Structure formats: structure tokens, C-alpha cells
2 protein chains.
Amino acid sequence: MQAIDGVAEREALPGLRERKKQRTRNTLTRCALELFARQGYDGTTVDEIAEAADVSQRTFFRYFANKEEVALALQEVEEAVALAALQARPPEEPPLAAMCNAAMATWDAMGPAIEAVVPLELHLHTQRMIESTPQLLAARLRRLGHFEDRLAAEIARREGVDLATDPRPRVLVAACSGVLRAASRVWGERADGDLDDLLRLVTDYLGLLGPALTGSWRNRT
Amino acid sequence: MQAIDGVAEREALPGLRERKKQRTRNTLTRCALELFARQGYDGTTVDEIAEAADVSQRTFFRYFANKEEVALALQEVEEAVALAALQARPPEEPPLAAMCNAAMATWDAMGPAIEAVVPLELHLHTQRMIESTPQLLAARLRRLGHFEDRLAAEIARREGVDLATDPRPRVLVAACSGVLRAASRVWGERADGDLDDLLRLVTDYLGLLGPALTGSWRNRT
DNA sequence: TGTCAATTGTCAGTGCCTGCCATAATCTCG
DNA sequence: CGAGATTATGGCAGGCACTGACAATTGACA
């Protein structure tokens with residue numbers, strides 16, 4: 001699970017058993033997302049997913065703690081990519097700039113990582129489904145909270161401050177992720193959402209973070 | 001549901017039927033929170049809550065869409081108090097200052113509103129339970145998202161900008177609420193949390209919003 | 001090949017939640 | 001006050017998510 005600097009770590013074959021498990025997990029994920037896309041989240045039972053993946057219902061629950069989790073499975077991938085993007089920023093970059101640039105870099109690197117499991121279009125459809133399904137949105141926001149912790153820890157490491165006593169990493173990450181969520185929600189409400197649109201929205205919103213916090217807006221229009 | 005300027009609206013008795021419903025709802029809430037406090041959220045069944053409130057299980061689900069909702073029932077009260085606090089801020093106050101001051105004012109006004117339903121201590125215990133129960137935390141975060149929309153709308157109204165085209169209200173609210181959540185989480189992790197401690201944390205964190213966003217932290221320590 | 005550990009399937013059971021219909025309580029109006 | 005309309009409630013059947021226990025199967029490893 002640890003992200004390692006080198007590149008020659010990918011194909012360290014972990015035994016037949018482990019590969020089979022990974023394959024089952026991916027199959028389960030793909031079948032679930034396809035069924036969700038076709039007949040909705042609530043309209044799909046765990047039994048159907050299990051049958052489509054040719055395993056028992058009990059096995060499904062050995063791979064995913066609950067039905068929500070399979071819908072959010074790919075979010076884990078996204079988080080890994082985003083965290084790696086932040087770690088790849090040069091150390092001398094100021095914290096806010098590093099966060100912004102990492103956000104930009106994430107969109108490019110994400111595609112291939114997702115395609116390894118499901119078609120990108122299916123994943124985009126899933127994202128919209130999550131946003132419009134209360135139960136899934138709730139679970140997603142909770143996971144996001146944990147992810148923010150990891151981001152804050154990385155910021156603290158970069159800047160050499162102590163996360164336990166210095167609240168600035170948490171404050172920064174909280175502000176940024178709040179803005180990112182606002183941007184993605186506005187984007188989600190547009191029916192004609194393009195990926196470039198999202199990138200533009202995020203850029204604009206992050207740029208507004210400073211100005212929006214200072215003084216009255218009426219004197220500046 | 002509309003907030004009305006006048007004050008003589010409180011005691012407009014809404015008929016026996018309506019009062020009885022409100023009483024049943026409060027009873028259900030109180031019984032549920034007490035049971036949760038005594039034997040945990042997962043350790044309490046809906047049947048137990050219904051029995052304690054002397055209604056059928058079916059009736060419980062007519063008042064609350066699901067088990068989560070009764071645990072979060074008082075959050076609705078808090079949101080109403082907070083929104084009122086924001087609306088009470090003088091119009092000439094800049095947006096960020098209005099948000100901060102409203103947050104401060106909320107803590108004072110909240111107590112009595114809560115006490116009308118359950119003892120304040122029980123409510124505080126419930127807050128900690130929500131924070132430590134994944135399912136409840138998730139639901140709470142989702143509700144918070146809706147609440148942020150209402151706050152952003154109020155900010156937009158105050159400043160006379162259009163929420164649909166000007167993202168600054170959302171950006172401001174997102175940043176503030178992110179910081180508030182970070183503060184309350186840090187507070188929640190301290191076992192010896194005092195209410196004054198929370199107030200102090202929120203003040204500090206909001207004050208850091210500006211500085212944490214600018215440049216590198218290493219040159220200023 | 002044989003033994004051990006991990007993975008899976010089957011089954012039974014609990015709890016959350018919903019639709020349906022009958023009953024009882026409240027409201028309305030003559 | 002009383003009959004009819006409206007609304008809240010209770011009971012029941014059933015679907016679905018999820019879990020524990022045990023047996024059967026499969027890959028790992030000597």
C-alpha cells in the first residue's frame with residue numbers, strides 16, 4: 001500500500017492466490033458499477049452483483065464491508081493519485097501553491113489509473129450517481145475527511161511543522177477541500193459538464209480563496 | 001417554516017393534533033438519545049426506541065425516515081439557531097466577519113433551544129457519539145452540505161450578489177465550514193473537552209484562515 | 001504428494017425499512 | 001351535538017442488507 005519512489009515495483013508477482021483475489025475484487029467492482037449505471041443504486045441488490053460476478057453473496061461481503069463501499073471503490077484510487085501528486089511537488093513550493101498545483105496534476109494522472117479497472121465513462125457516470133444519491137454522498141464525504149487528514153499530514157511534513165500543535169495544515173487543507181467540493185458540486189449541477197470545465201472551475205475557485213476572505217465585496221465589485 | 005420578523009408568532013397554537021405530533025416526536029427523540037447513550041447506537045434497535053416511547057415501530061418510521069435521522073434530530077435545531085445568528089448580524093459587516101461573529105453568537109443561543117427537548121449533557125454526549133460512529137458522521141456531513149447552501153444564500157443576499165454566477169459566497173462558506181469542522185474534530189479528540197475550549201479553538205482557527213493561505217510558513221515561524 | 005492455511009459457499013438468523021389495510025383519533029361542518 | 005371527511009396509528013407480511021458458524025474447496029509449501 002505504501003507508495004514507493006522506484007518504478008520497478010509494479011510487477012512483483014504476489015502469488016497466484018493474491019492475483020486471483022485482486023481479479024475477483026475488480027470483477028466485483030466492474031459488475032457493480034455497470035449494474036448501478038443500468039438500473040440505479042437502490043434498484044440493484046447485492047445478490048445481483050454477486051451473481052453477475054459469479055460469486056456468492058457472502059463472498060461479496062468479504063471484499064466490501066457494505067454495498068456503499070463497492071460504489072466508492074475507485075475513490076481510493078483517486079486519493080492515491082492525488083496524494084502522490086502532492087508528494088511530487090518540489091519542497092520549496094509554498095503550501096497553498098503545492099495544493100493547487102497538485103490538484104491540477106491529479107486530473108491528468110487519474111485517467112489511466114481508473115481505466116485499469118473500468119472504462120472512464122462508467123466511472124464518470126458513477127461520480128454523478130454518488131453525488132445524487134444521499135447515502136453514497138454521505139459515505140463519500142466521510143472518506144474525504146480521512147483523506148484530508150493524510151493531506152494535512154503531508155503538508156505538515158513538507159513544512160516541517162508539528163501537526164499535533166500547529167493547526168495551520170488542517171486549516172489550509174480544510175479551506176482547499178471545501179473550495180474543491182464547492183467547485184465539483186457546481187460542476188455536477190451543470191448537465192453539460194466537461195472535464196475541462198471542471199478544471200477551469202477549480203482554478204477559478206481556488207484563485208478566489210484569498211479575495212473572498214478579505215473585507216467587503218461591495219467596494220470592489 | 002418561514003422566519004418572520006415579528007415576535008408574536010411563537011404561541012399560535014396549531015390545534016390539538018399538531019401539538020400531539022410534536023410531543024410524540026420529542027418523546028421519540030429523547031428516548032432514542034437516552035438509549036443510544038446507555039447502550040450505543042448499533043446496540044439499540046428501533047423496536048426498543050419505539051417501545052420506550054410507547055408507539056409501534058411503524059409509527060417511528062412515520063416520524064423519522066431512518067434510524068440515523070433521530071440521532072441527528074437536534075442538528076436541525078442548531079442549524080436554525082446558527083442561521084438566525086447570521087441573519088442578525090448588521091448588514092454593513094463584511095462577510096467573513098459576519099460568519100465569524102455569527103459562529104460566536106451561536107454557542108450562547110444554542111443551549112436553551114436544545115434544553116427544550118433533551119438535557120444539554122445528553123446532547124453533548126450524542127455529538128461525540130455522532131463523531132465516532134461512521135454511519136452517523138457521514139449523514140451529518142451530508143446535512144452540513146445542505147446547510148452550507150443556505151448559509152451561502154444568506155451571504156449572497158447580504159452582499160447583493162447573484163449566487164448563480166458569483167462563486168464567492170460558496171467559496172467563503174466552504175472555507176469557513178471546513179475550518180469549523182477541523183476545529184470541532186480536534187476538540188472532539190480531546191477527552192477533556194470544555195465548551196469554552198471549543199470556542200477558543202474556533203476563534204484561533206478562524207483567525208488563522210488568512211495567514212495559513214499566504215506564502216511559505218518557514219520564513220515566519 | 002500430503003499437510004496446512006486461506007478462500008469460498010451454504011444456511012440460518014437479525015435488524016432496518018416499506019406497502020397495505022383495518023382501526024382509532026381528530027377535525028369540520030351542518 | 002353528531003355524521004362524515006381527514007389523518008394518525010397499529011399490525012402484519014415481506015424484501016433486502018448484513019453477520020456468524022460450519023463445511024467444502026483451493027492454493028501454498030515442504
Side-chain angles (χ1 to χ4, degrees), chain A residues 12-29 31-33 35-36 38-73 129-130 133-140 142, chain B residues 12-29 31-33 35-36 38-73 129-130 133-140 142:
Chain A
L13 49 141
L16 194 150
R17 202 167 220 161
E18 208 58 33
R19 275 180 291 149
K20 201 167 184 178
K21 262 172 63 179
Q22 191 57 50
R23 202 159 52 82
T24 304
R25 187 186 164 89
N26 284 352
T27 304
L28 238 21
T29 305
C31 290
L33 297 192
L35 284 170
F36 291 160
R38 198 179 315 144
Q39 53 197 42
Y41 179 74
D42 288 324
T44 304
T45 70
V46 173
D47 290 284
E48 287 175 305
I49 300 170
E51 188 183 359
D54 203 45
V55 296
S56 73
Q57 189 219 47
R58 193 63 184 86
T59 293
F60 173 92
F61 283 112
R62 287 197 177 95
Y63 280 88
F64 301 97
N66 46 51
K67 191 176 157 188
E68 297 167 4
E69 205 168 278
V70 68
L72 301 176
M129 178 187 74
I130 292 171
T133 307
Q135 187 186 160
L136 292 180
L137 178 58
R140 179 168 163 350
R142 180 172 58 82
Chain B
L13 49 140
L16 193 151
R17 201 169 223 161
E18 208 59 32
R19 275 180 291 149
K20 200 169 185 178
K21 264 172 62 179
Q22 191 57 49
R23 202 161 52 81
T24 303
R25 187 184 164 89
N26 285 351
T27 304
L28 275 172
T29 305
C31 290
L33 297 193
L35 284 170
F36 291 159
R38 199 178 315 143
Q39 53 197 41
Y41 179 74
D42 288 324
T44 304
T45 69
V46 173
D47 290 280
E48 287 175 307
I49 301 171
E51 189 182 358
D54 203 46
V55 296
S56 71
Q57 189 218 47
R58 193 64 185 86
T59 294
F60 173 91
F61 283 112
R62 288 198 175 92
Y63 280 89
F64 300 97
N66 46 52
K67 191 177 157 187
E68 298 166 4
E69 205 168 279
V70 68
L72 302 175
M129 178 188 74
I130 291 171
T133 306
Q135 186 185 162
L136 292 180
L137 178 58
R140 178 168 135 66
R142 179 171 57 84

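Any value given below was found using the heavy atoms of this structure, including those in side chains, with hydrogens, waters and symmetry copies removed. Computed from a predicted model, the values in this text were never measured in an experiment. The sequence lines fix the lettering, A, B, ..., with proteins before strands; numbering per chain opens at 1.
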Length of the line joining [X]:[atom1] and [N]:[atom2], which is rounded to integer Å:
X: Lys21(B); N: dT7(D); atom1: NZ; atom2: C1'; value: 8 Å
X: Asp54(B); N: dA8(D); atom1: CG; atom2: P; value: 19 Å
X: Leu28(B); N: dA8(D); atom1: CG; atom2: C1'; value: 13 Å
X: Arg58(B); N: dC17(C); atom1: CZ; atom2: C1'; value: 8 Å
X: Glu69(B); N: dT18(C); atom1: CD; atom2: P; value: 10 Å
X: Phe61(A); N: dT14(C); atom1: CZ; atom2: P; value: 18 Å
X: Arg23(B); N: dT9(D); atom1: CZ; atom2: C1'; value: 14 Å
X: Gln135(B); N: dA17(D); atom1: CD; atom2: C1'; value: 11 Å

TODO: Indicate whether any N or O donor in one side chain lies under 3.5 Å from an N or O acceptor in the other, for Thr59(A) and Ser56(A).
DONE: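 A pair is found: one side chain offers a donor N or O, the other an acceptor, under 3.5 Å apart.
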Strictly below 4.0 Å: does [X] bring a side-chain N or O up to OP1 or OP2 of [N]?
X: Tyr63(B); N: dA8(D); answer: no
X: Thr59(B); N: dT9(D); answer: no
X: Lys67(B); N: dG15(C); answer: no

Open item on the list: Using a 6.0 Å distance limit plus a 45 degree cone around the ring axis, check whether Lys67(B) lies over the aromatic ring of Phe60(B).
Closed with: no
Open item on the list: Using a 4.0 Å heavy-atom cut-off, does Phe60(A) contact any base of the nucleic acid, only the sugar-phosphate backbone, or nothing at all?
Closed with: nothing
Open item on the list: Base, sugar-phosphate or nothing for Phe64(A)? Non-hydrogen atoms, less than 4.0 Å.
Closed with: nothing
Task: Validation row: Glu69(B), Tyr63(B) side chains within 4.5 angstrom (heavy atoms) - done: no
Task: Side-chain heavy atoms of Gln39(B) within contact of Glu48(B), under 4.5 Å - done: yes
- [ ] For each nucleotide in nucleotides 21-30 of chain C, reading 5' to 3', give B when a protein heavy atom comes within less than 4.0 Å of its base, S when such contact involves only the sugar-phosphate, and - otherwise.
- [x] ----BBS---
- [ ] Kindly check if the number of other-residue, nucleotide or ligand heavy atoms within 6.0 Å of CG (Asp47(A)) is above 12?
- [x] yes
Open item on the list: Would you say CG of Asn66(B) has more than 12 non-hydrogen atoms from neighbouring residues, nucleotides or ligands within 6.0 angstrom?
Closed with: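 Yes - once you tally the heavy atoms of other residues, nucleotides and ligands closer than 6.0 Å, there are more than 12.
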Open item on the list: Between Tyr41(A) (side chain only) and Leu136(A) (backbone N and O only), is there a donor and an acceptor less than 3.5 Å apart?
Closed with: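 No, because the side chain of Tyr41(A) does not come within donor-acceptor range (under 3.5 Å) of the backbone of Leu136(A).
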